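Predicted model only: the values in this text are computed from it and were never measured.
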Amino acid sequence: MTSVPAMLFDLIQAPLRWQVLNAGLQLDLFDHLTDGCDVADLALSLGLDQRRLMVVLDALCAMELLDKQDCRYQLAASAAPYLRSDSDRSLRPMLQTLPLLRHADVLTVLRGEGAETPPDLSDPAFWDRSAASLRSFHRGMGADLMIGLLESLPEWPSVRRVLDLGAGSETLALRIVDQRPQRTVTVLDLPPLAARIAGAVDDRVRVISGDFNETDLGGPYELIWASMTLYFARDLTAVLRKARQALAAGGVFVSLHEGLTRERTAPESHVIGRLVPALRGVNVSFEHGQIATALRQAGFAEVESRQVATPFGLIELDVARGGGLTGQGSRPGSVRQSLANRRSAM
């Protein structure tokens, strides 16, 4: 466990790490450094002082984002997929957008000085501006995690029809239908995002444009997936009841959201990561067990919950069974089998 003095010292370093990375993003350094590059040539092409540029490049090497050999610099192989602008897995749009929402002078916001209008997370225009960041997150790391969680479900091999509730991008839907062509995926999202998604998919993916609070979900589906989207339910139990009714008999509802613990003081990644929006009045994080409770209130007979370690912090996975259009019983043995699978994996 990190000592308090070590943690406090590291806090001094952390803002500098971000500033060095951000400088690299702003200067497109990572695209220039795909092959070994001489610092003098790079400084000349960028119009920068060679000595100062070398200091920044050395800092990026210390962060293991670049490699240095014989005074030549190259983008580290492990970092290249996430920092090159031409990579399918590039996280650059997310890295350049998310800080605008998460970073601010905390003391200024706390005092209410020069307070900005908090972002309206229910405004379709906000999500239209966030489209590139969402796609970047899903392509860079989100979809891999999500596919792994879906594959861990005992129902997954027999699933044919999937609903992604508040998809954010087309990435997961395309991964699912590419994995097994006989599957179809319906994605539901707000109009601006729905239009973008519709332009990026084929007829294996159906797009519903609307607000899941009001829009008919269609169905029946063998699986409904909701990841980082249930914050926008005006009545969470009512939305989950609506989802249960859209499931086929034996279908499963899967939620992936954070679950704050210790009186909303942990995990640190979520509490700190959402600090500035919370100070501005947008404090939407779920507490541990909140979604599981709402699922039971919505009529699901079985709810199974566990924590999942991700690159962006601990997340709570809730799997609900026992609903559907043609029957309310859960799939025989599905819960027992899931628990057995988990025990055997330990």
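Counted by atom type alone, His138 and Ser169 present one or more donor-acceptor pairs between their side chains at under 3.5 Å. Judged by distance alone, the side chains of Thr237 and Gln297 do bring a donor and an acceptor atom under 3.5 Å apart. For the residue pair Gln179 / Arg183, a side-chain donor-acceptor distance below 3.5 Å is found, with atom types taken as modelled. Side chains of Asp38 and Tyr73: a donor-acceptor N/O pair is absent below 3.5 angstrom, by distance only.
From Ser90, atom OG reaches atom CG of Leu95 across 7.5 Å, with rounding to the nearest 0.5 Å. Taking CG of Leu256 as the start and CG of Leu150 as the end, the distance is 9.5 Å to the nearest 0.5 Å. Between the OG atom in Ser227 and the CG atom in Leu165 there is a gap of 11.0 Å [rounded to 0.5 Å]. We find the CD1-CG distance between Ile224 and Asp164 to be 10.5 Å, quoted to the nearest 0.5 Å.
You'll find the side chain of Asp41 stays beyond 4.5 Å of the side chain of Leu44, heavy atoms only. Residues Arg204 and Asp178 form a side-chain contact, since some pair of their non-hydrogen atoms from C-beta on lies under 4.5 Å apart. Residues Leu75 and Leu29 are not in side-chain contact: their nearest non-hydrogen atoms beyond the backbone lie 4.5 Å or more apart.
Between Asp31 and Arg92 there is a salt bridge, since at least one side-chain N of the basic residue sits less than 4.0 Å from a carboxylate O of the acidic one. Here Asp318 does not pair with Arg296 in a salt bridge; the nearest charged N to carboxylate O distance is not below 4.0 Å. Classification of Asp144 and Arg89 as a salt-bridged pair holds, one side-chain N sitting under 4.0 Å from a carboxylate O. Salt-bridge check for Asp10 with Arg17: passed, with a basic side-chain N closer than 4.0 Å to an acidic carboxylate O. Salt bridge Glu316/Arg306: absent, no basic N to carboxylate O contact under 4.0 Å. Between Asp88 and Arg135 there is no salt bridge, since no side-chain nitrogen of the basic residue lies less than 4.0 Å from a carboxylate oxygen of the acidic one. Ionic pairing of Arg196 and Asp128 is present here: one or more N-O contacts between side-chain nitrogen and carboxylate oxygen are shorter than 4.0 angstrom. Between Arg321 and Glu155, at least one side-chain N (NZ, or NE/NH1/NH2) sits under 4.0 Å from a carboxylate O, which counts as a salt bridge. Using a 4.0 Å cut-off between charged nitrogen and carboxylate oxygen, Arg161 and Glu222 count as a salt-bridge pair.
Not one N or O on the side chain of Ser133 forms a donor-acceptor pair closer than 3.5 Å with the backbone of Ser130. At distances below 3.5 Å, not a single donor-acceptor pair connects side-chain atoms of His270 with backbone N or O atoms of Ala266. A distance-only check finds no donor-acceptor pair linking the side chain of Ser136 to the backbone of Ala132 [under 3.5 Å]. Side-chain atoms of Glu287 never come within 3.5 Å of backbone atoms of Gly259 as a donor-acceptor pair (strictly under, hydrogens ignored). The backbone N or O of Leu217 sits less than 3.5 Å from a side-chain atom of Tyr221, completing a donor-acceptor pair.
The shortest non-hydrogen separation linking Phe137 to Leu91 is CA-CD2, 4.3 Å. In plain terms, the two heavy atoms of Ala292 and Val303 that are nearest each other are CB-CG1, 3.8 Å. Here the shortest heavy-atom pairing between Leu193 and Ala131 reads CD2-CB, 3.6 Å.
Exactly one of Phe232, Phe312, Tyr231 qualifies for a ring-ring contact (aromatic ring centres under 6.0 Å, His included) with His257. That residue is Tyr231.
Within a 6.0 Å sphere centred on CD of Glu151, heavy atoms belonging to other residues, nucleotides or ligands number more than 12. Within a 6.0 Å sphere centred on CD of Gln69, other residues, nucleotides and ligands contribute 12 heavy atoms or fewer. Within 6.0 Å of CD on Gln13 lie more than 12 heavy atoms contributed by other residues, nucleotides or ligands. Around CZ of Arg274, the count of heavy atoms belonging to other residues, nucleotides or ligands within 6.0 Å exceeds 12.
Clustering ILVMFWY residues whenever any of their side-chain heavy atoms sit less than 4.5 angstrom apart, transitively, puts Val254 in a cluster other than the one holding Leu314. Hydrophobic clustering (side-chain heavy atoms under 4.5 Å, transitive across Ile, Leu, Val, Met, Phe, Trp, Tyr) groups Met54 together with Leu46. In terms of hydrophobic clustering, with Ile, Leu, Val, Met, Phe, Trp and Tyr side chains grouped at heavy-atom distances under 4.5 Å, Leu279 and Leu260 are assigned to different clusters. Linking ILVMFWY residues whenever their side-chain heavy atoms come closer than 4.5 Å, directly or via other members, leaves Leu65 and Leu16 in distinct clusters. Taking hydrophobic clusters as Ile, Leu, Val, Met, Phe, Trp and Tyr residues chained together by side-chain heavy-atom distances below 4.5 Å, Ile147 shares a cluster with Val308.
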Verdict with reasoning, Arg72 to Asp70, per salt bridge (Lys or Arg N to Asp or Glu O under 4.0 Å): CA-CA 5 Å; Arg72 296 180 69 83; Asp70 298 327; over 6 Å; no

Residue pair Asp58, Lys68: steps toward the salt bridge (Lys or Arg N to Asp or Glu O under 4.0 Å) verdict: CA-CA 8 Å; Asp58 285 346; Lys68 182 180 182 181; 3.0 Å; yes

